[in-house]
Every structure is written in structure tokens, then in C-alpha cells.
Amino acid sequence: MTLTKQNILTQIPKVDRVLEWPDVLQLLERHPRPEVLVAVRLILERLRESVRRGTQTVLPDNGDIIAMIASELSRRSAPSLRRVINGSGVVVHTNLGRSPLADAAEQAIHTVSAGYSNLEFDLECGERGSRYSHVEGLLCELTGSEAALVVNNNAAAVILALSSLAQGRDVIVSRGELVEIGGSFRIPDVMCQSGARLVEVGCTNRTHIRDYLEAISDTTALLLKVHTSNFAIVGFTAEVTLAEMSTMGRKAGIPVMLDAGSGCLIDLSPYGIKGEPTIRQYLESGVDVVTFSGDKLLGGPQAGIIAGSRAVIEPMKRHPLLRALRMDKLNLASLEATLRLYRDERQALTEIPTLRMLTMTPKEISLRAERIIRYLRRHLPDSVSLIRHPGESSAGGGSFPLLQLPTTLIEIRIKGASPSGTESTLRQTSTPIVGRIHRERFLIDARTILDNDFLPLLASLQEAVIMLAEK
Ligand SMILES: *Cc1c(COP(=O)(O)O)cnc(C)c1O
């Protein structure tokens with residue numbers, strides 16, 4: 001070690017001294033002492049390390065050390081779960097919290113969480129009520145079902161339905177529908193957990209009515225169809241329709257269930273999003289019970305919705321698992337508010353962000369990109385260039401895997417920074433921006449930038465310009 005390095009090292013102040021600096025005393029008034037202590041130790045240790053490695057050749061002045069401590073403290077006191085800006089163009093992005101909520105849903109959460117509520121209290125009779133009563137009527141109205149039940153998420157809905165309908169007995173599923181939905185949701189494993197026995201029929205690409213008929217026996221409890229949400233089998237294929245399965249089930253006296261995955265309450269085909277029947281249409285084809293998510297295409301909070309016949313759903317309401325899978329009051333409040341919007345289709349399409357983003361026309365998105373760029377340019381330095389490019393967004397949430405929606409992308413170029421440097425810096429700002437790199441360009445998709453993202457988008461870009469200049 002050279003003498004100069006040794007000199008600088010001995011001049012780095014001791015922790016106890018730093019804790020007596022007036023500016024640090026001020027930090028101690030705003031942050032818990034153990035946090036300040038950790039931050040001071042960390043910054044001093046980092047400083048010593050850079051001196052040893054030779055990347056720090058002069059002793060920074062006290063002001064710089066204080067700034068480093070303050071920034072470390074604010075980093076440590078920021079919440080871990082935060083708002084981010086979704087520039088990915090994936091509308092229902094599971095890693096980014098799936099569906100952003102409608103204003104009405106957000107308001108409902110606020111109202112119910114700030115005080116007591118009639119969650120399980122029947123205000124008419126003055127007696128104990130059911131938490132499920134708040135949404136059952138709405139769900140029946142919107143799907144045409146006889147009965148409905150909600151649980152924590154669709155995975156819970158599938159487990160509850162299978163446990164209630166088929167524990168210890170056989171469930172027949174096509175080999176073309178044994179799907180895995182990201183994370184750890186795999187139909188064969190879920191089946192095993194519910195205590196039902198999986199009976200696979202047909203082949204990956206083709207399953208016929210006779211395959212089901214040959215497999216039906218005295219121990220068959222259920223015929224299950226699973227939406228092949230996130231993949232498509234093309235070419236030489238054959239599948240048994242839900243209507244055919246329902247006829248088969250009725251003849252054999254065996255209930256038929258559909259795990260619809262995303263679950264749509266509105267026909268989106270007028271908006272170019274084709275091939276997904278609504279839950280009402282599924283039920284009209286004769287299926288006994290359908291399960292689907294609350295936070296995918298529906299655009300509400302995390303929830304698992306079960307809609308179907310009274311005979312099938314009533315036992316689920318008394319099943320011991322229900323308590324463990326039940327939905328909490330905040331999600332229930334926001335689900336109810338979201339479902340209410342569906343009473344008027346036009347209102348649902350304009351006020352539910354997920355539906356709005358999916359049904360935006362290319363023209364609307366292009367104008368939106370124009371607005372974003374104009375707003376940002378007014379406030380950003382010349383070192384930031386914003387360039388429009390045509391591109392494609394996707395629905396996400398395991399729905400419409402082949403669908404590509406025409407969109408407008410905004411390339412963000414920051415002078416002196418590479419696309420990957422820009423990407424990683426924007427990911428570390430106070431409201432992180434999540435985009436993608438394509439052909440050496442960092443891009444964000446105007447479709448998934450929300451109205452209330454404009455201000456944080458600008459602030460994060462300003463922050464990134466400073467962060468990159470310091471590097
Ligand atoms: C998404 C999905 C699930 C899981 O739903 P969660 O609400 O995420 O629990 C189950 N089945 C299918 C077919 C799905 O697409």
C-alpha cells in the first residue's frame with residue numbers, strides 16, 4: 001500500500017465523530033438511530049474500500065460524506081413495494097401487479113379500509129351476514145349464472161372446486177390442456193393437491209369425444225376443461241368443445257367445469273381482440289361451473305371467481321377450505337366496485353384501465369405518444385432525445401398469446417448512455433420505469449403509460465439524467 005493511500009485511510013473520520021456532526025445530528029432526528037448507524041458505517045467502509053482499490057484518490061469533504069449518508073438513508077427508508085411505470089406494453093403484466101384499478105375501485109378500498117364495514121353483518125336483519133353476499137348478485141347478473149362465489153385468486157378457485165367436486169375421485173382432462181401458468185401453477189400438481197385423481201385423455205394436439213367416453217367410469221367425478229391461456233397449438237389439431245363436453249356430462253350425470261383463466265365479461269371482438277368467448281357465453285354452452293381471475297382481463301383486484309349452478313356452488317360455500325382461501329375485505333370492496341362498472345359496458349370500457357388500454361385504437365395511442373413526448377420535451381434538457389417508432393403491445397396475463405396490438409413506442413436516448421445503461425438507470429429511479437431494449441434501442445410503449453404516470457415519468461427521467469452524469 002502506498003503512503004498516500006495510507007494517509008487518506010487514516011484521515012477518514014471515525015463513526016463516533018461523524019455521529020456528532022451537526023448535519024448528522026439532524027438526520028438522527030428524522031431517522032431511527034440504528035438506521036443512521038448502519039448507513040454511516042456502510043458509507044465509511046465503502047470509502048475505505050475505494051481508497052484501497054485506488055478508485056478514490058482524494059479524501060472527500062464532510063459535505064460529500066453527509067450527502068452519501070443521507071442518500072443511503074433515504075434509499076433504506078423507501079418502501080420495498082412501490083409504484084412503477086409500466087412501459088413494457090404488456091397490459092396485464094403479472095410481475096408488475098397485473099391490472100391497475102379503476103378510480104371507483106381505488107375509492108372503495110379507501111372507504112372500507114379507513115373504518116369499520118358491514119363485511120359480515122346483515123344491516124337489514126341486524127345479524128351476522130356473509131362476506132360473499134356483496135358480490136354474488138352482481139356476478140350472477142353479469143354472467144347469467146345461478147350462483148357465484150369469490151376466493152383469493154383463480155388458483156384457489158380451482159383448488160376449492162376440485163376439492164369440493166372430486167376429492168378422492170377421477171377428473172378427466174385432455175392432454176392438450178395440462179398447462180403451466182408461470183410460477184408454480186400446473187394443472188397436474190393442483191389436481192394432486194386437491195386430492196382428485198387426474199385421468200389424462202387424448203394427445204397433445206388432438207383429443208376426441210370418444211377419448212372422454214372411453215375414460216368415463218364409476219369413479220369419474222368431473223370433466224375438466226382448462227383454457228390454454230398462454231400458448232396455442234396449431235396445425236393438425238382437434239379439441240372437444242365446451243358444448244360437446246357439457247352434453248356428454250349431462251348424459252353421463254357428471255358435472256363439467258371450465259378453468260377459463262383470464263375470463264372476459266365483455267365481448268372484445270369489435271376491438272380486434274377475437275376468439276375469447278365471454279363467461280356468459282361459456283355458461284350458455286351448458287358448463288356447470290367456470291372459474292376465472294379477477295385481476296387479468298376483468299381488470300379488477302386479485303380474486304378467483306367461481307360462477308355456475310347452485311347445486312355445484314352451494315357445497316363450496318360450506319367447504320372447510322373456503323375459510324383458508326377467502327378473499328379479504330379490501331379486494332372484496334374493489335371487486336364489487338369494478339363489477340358495478342360492468343353494468344354499463346361503455347363505462348367499463350372507459351373507466352377500467354385494463355380494458356381501456358386493450359381497446360385503444362392505434363390513432364389514440366399515437367396521439368398519446370405525441371402528448372407524452374411534447375410534455376417531456378418541455379421540461380427535459382437537450383441531452384434526452386425522444387423518438388417515435390411503430391411497434392406491438394400484448395395483452396399479457398396468459399391471454400391471447402398470439403395477439404399483437406399495433407402501438408407507438410417511444411425511444412429514450414440519453415446522451416452518453418448506452419441503451420442498457422439507460423434501462424438499468426431508469427429501473428433505479430424513485431418511480432422506476434420498466435421498458436425494453438429492442439435492436440439497440442431503449443423503448444417504452446405509450447399504450448401502458450397511464451395518465452397519472454406523466455409526472456413521475458418526467459421526474460424519473462430528470463433523476464436518471466443526473467444519475468448518469470454522476471457516473
Ligand atoms: C392465470 C390462470 C390461473 C391462475 O389464476 P390466478 O388468479 O393467478 O391464481 C389458473 N388457470 C388458468 C388457465 C390461468 O390462465
Side-chain angles (χ1 to χ4, degrees), residues 90-101 105 135 139 148-163 165-166 171 173-194 196 198 204 222-233 239 242 245 256-265 268 273 275-279 282 287 289-308 316 321-322 324-328 330-332 334-335 338-339 354 358 394-403:
V90 180
V91 176
V92 180
H93 197 308
T94 294
N95 300 150
L96 303 183
R98 289 201 180 153
S99 287
L101 294 178
V135 290
L139 283 167
L149 184 61
V150 288
V151 287
N152 197 34
N153 56 14
N154 188 33
V158 173
I159 287 198
L160 176 65
L162 291 176
S163 308
L165 288 163
V171 177
V173 190
S174 159
R175 289 200 170 91
E177 297 169 6
L178 297 174
V179 303
E180 174 182 308
I181 318 289
S184 53
F185 186 92
R186 297 172 130 190
I187 287 294
D189 301 345
V190 170
M191 194 80 76
C192 183
Q193 283 303 313
S194 71
L198 170 65
T204 307
L222 185 69
L223 305 181
L224 173 66
K225 193 169 183 61
V226 183
H227 195 293
T228 55
S229 298
N230 48 10
F231 71 101
I233 299 180
E239 72 170 314
L242 198 60
M245 278 180 72
V256 178
M257 166 171 156
L258 168 70
D259 170 7
S262 221
C264 216
L265 294 181
L268 294 175
I273 303 169
E276 182 64 32
T278 61
I279 298 296
Y282 279 136
V287 66
V289 61
V290 181
T291 73
F292 56 104
S293 290
D295 54 357
K296 291 186 181 171
L297 284 184
L298 192 124
Q302 181 183 307
I305 300 168
I306 309 172
M316 293 183 204
L321 258 183
L322 180 60
L325 305 177
R326 79 181 184 187
M327 212 174 157
D328 81 296
L330 303 187
N331 281 342
L332 205 47
S334 86
L335 180 64
T338 307
L339 292 173
T354 296
L358 281 172
S394 56
S399 38
F400 309 104
L402 304 180
L403 181 74

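Keep in mind that the numbers below use all heavy atoms, side chains included, and drop hydrogens, waters and symmetry copies. Indexing begins at 1, ligand by ligand and atom by atom, following the structure's order.
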Within the 4.5 Å heavy-atom criterion, are Phe292 and Leu258 side-chain neighbours or not?
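SC-SC contact between Phe292 and Leu258 ruled out.
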
Can you check whether Val150 reaches Ile306 side chain to side chain, under 4.5 Å on heavy atoms?
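SC-SC contact between Val150 and Ile306 ruled out.
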
Testing the 3.5 Å rule here: is there a donor-acceptor pair between the side chains of Glu276 and His227?
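Side-chain D/A pair, Glu276 to His227: present.
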
Is there a donor in the side chain of Thr354 and an acceptor in the side chain of Ser99, or the other way round, less than 3.5 Å apart?
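Short answer, yes.
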
Given Ile305 and Leu149, is the side-chain contact (heavy atoms from CB on, under 4.5 Å) satisfied, shown in steps?
CA-CA 6 Å; Ile305 300 168; Leu149 184 61; over 6 Å; no

Near ligand 1, at a heavy-atom separation below 4.0 Å: residues by chain and residue number:
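Answer by chain and number: Arg98, Asn153, Asn154, Ala155, Ile181, Phe185, His227, Ser229, Asp259, Gly261, Ser293, Lys296.
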
For Asp295, enumerate each residue passing the side chain to side chain contact (heavy atoms under 4.5 Å, CB included) test, keeping only those at least two apart in sequence or located in another chain.
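Partners of Asp295 under the side chain to side chain contact (heavy atoms under 4.5 Å, CB included) test: Arg98, Ser293, Gln302.
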
